[in-house]
Amino acid sequence: MDTKVFDVREIINDKQALETALRNAADMLAYGGTVAFPTETVYGLGANAFDEAAVKKVFEAKGRPSDNPLIIHIADMSQLKGLVKSVPERALRLMESFWPGPLSIIMEKEDRIPDCVTAGLGTAAVRMPENPEAYVLLKLAGCPVAAPSANLSGKPSPTKPEHVLHDLDGRVSGIVLGRTCDVGIESTVIDMSTDSPVILRPGIIIKEDIEAVIGPVRLASRKNSSESVPKAPGMKYTHYAPDAPMILFEGSPSEMLSKILGRASEELASGKKVGIIATDETLDLYEKSPVLSGAGSICILSTGSRKDLKTVAHNIFHILRRFDEENVDIILSEAFEAEGIGFSVMNRMDKAAGEKK
Ligand code: AMP
Ligand code: MG
């Protein structure tokens, strides 16, 4: 397929120019095409949510299993009417607090939404993104846009325009090249379709942020969300996996450091190229370690400081993709404390790693 590229990186702050540049991309969406676009969380691959054939092309382009539902993106509140049966009062309060922004809200769906969008569920996840390119595109398209992340199924979610080109050029109608995604991990997903709200997927908006607005909510456990919450079918799939196997090392910072140094030297000795996911606190310690100095081929990347988990979330998928580019044979990663945003980061790292130590 010939993919049309809409490079708006030079004009992201000029709303008028964006409208002119994205009119054609919006028409593609409205008339049955598939278009990848930036949001503040990760890049999405969209299709008109009311157009069954178009939505099926999204699943095809990604190689996405058909039982993994999509999130429907809207530009303004008036679009909710055709999508959900009703907006529960607490859901409305969440919208007022967090929209536009990185929160997807699950509600009972209108019959008009094709089954393929929601994988046959009676509910739909809806989100109003904040990213200006996404806003202009959705506004001009005039239709709700069903969009999962714009990666090939199983690969790390794309947070930079070049990630999308790498995965989807030639497989979709259009790609909007905009800014790097601020948040860097996918939206928080909360199920508001029952009386007891539950966070099915953790994100940058955390449990405490939500509870400050609507009171107590449940959080699906870190492990095996698919078993504890059968309503989130997509979560049973391995996600985000880099090409090389990844091992996650847990423990205190010094334990993680020594376990990773030990394993790295073994892997290097057997001729492997090793990738290490470090933090700002440990980067130097790996780089200067006598255990690793001069020993074979190694690539050490920092996700950021342990004191700044927003930055860690922002960087994590990009770093996983960097190791693909570096062609490492194995990735050894430090873990984070599964608290607050750390819980959301660890949710992604658990899915990327095949093994824990
Ligand atoms: P992606 O945008 O690629 O992260 O995929 C969207 C994710 O949102 C899915 O994998 C599900 O976990 C979640 N989701 C979307 N719609 C629903 C729904 N109706 N019920 C439960 N989870 C949903
Ligand atoms: Mg995805």
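Every number for a ligand or one of its atoms is a count from 1 in the order of the listing. Below, each value reflects all heavy atoms present in this structure, side chains not excepted, and no hydrogens, waters or symmetry copies.
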Query raised in the report: At their closest point, which heavy atom of Leu103 faces which heavy atom of Arg127, and how far apart are they?
Result: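 Closest approach of Leu103 to Arg127, heavy atoms only: O-CG, 3.6 Å.
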Query raised in the report: Which heavy atom in Ala241 sits nearest to a heavy atom in Lys155, and how many Å separate them?
Result: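 Shortest heavy-atom contact: O-NZ, 3.3 Å.
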Report task. Kindly assign one of parallel, tilted or perpendicular to the pair His73 and Phe37, based on the angle between their ring planes and the thresholds 30° and 60°. Result ->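 Plane angle over 60°, so perpendicular.
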Query - Pair Ser104, Ser187: side-chain N/O donor-acceptor within cut-off below 3.5 Å - result: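 Present: a donor and an acceptor within the cut-off.
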Subset of ligand 1 atoms that lie under 4.0 Å from at least one heavy atom of [X]:
X	value
Ile106	17 (C), 18 (C), 20 (N), 21 (C), 22 (N), 23 (C)
Leu70	15 (C), 16 (N)
Asn68	9 (C), 10 (O)
Leu121	18 (C), 19 (N), 20 (N)

Using a plain distance cutoff, I'd like to know if [X] has any nitrogen or oxygen under 3.5 Å from a nitrogen or oxygen of ligand 1.
X	result
Glu186	no
Thr123	yes
Ser149	yes

**Report entry** Heavy atoms from other residues, nucleotides or ligands near NZ of Lys15 exceed 12 (cutoff 6.0 Å)
**Finding:**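 Atom NZ in Lys15 is not packed in, count stays at 12 or less.
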Report task. Report, as yes or no, whether the 6.0 Å neighbourhood of atom CD on Glu108 holds more than 12 heavy atoms from other residues, nucleotides or ligands. Result ->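 Incorrect, the count does not exceed 12.
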Requested in this report: Run down the list Ala147, Pro69, Ala119 and name the one with the heavy atom closest to atom 23 (C) of ligand 1.
Outcome: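 Comparing heavy atoms across Ala147, Pro69, Ala119, the nearest one to atom 23 (C) of ligand 1 lies in Pro69.
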Report task. For the pair Arg93 and Glu96, find out whether any cationic side-chain nitrogen is under 4.0 Å from an anionic carboxylate oxygen. Result ->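 Salt bridge: no.
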Query raised in the report: With the threshold set at 4.0 Å, does a side-chain nitrogen-carboxylate oxygen contact exist between Arg306 and Asp280?
Result: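 Judged by the 4.0 Å cut-off on N to carboxylate O distance, Arg306 and Asp280 do not form a salt bridge.
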Report task. Determine whether the side chain, the backbone, both or neither of Lys109 has a heavy atom under 4.0 Å from any heavy atom of ligand 1. Result ->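 No part of Lys109 comes within reach of ligand 1.
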Query raised in the report: Using heavy atoms and a threshold below 4.0 Å, how should the contact between Arg64 and ligand 1 be classified: side chain, backbone, both, or neither?
Result: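 The answer is the side chain of Arg64.
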Query raised in the report: With a cut-off of 2.8 Å, does any N, O or S atom of Asn68 fall short of it relative to the Mg ion (ligand 2)?
Result: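 No - counting backbone and side chain alike, Asn68 has no N, O or S atom under 2.8 Å.
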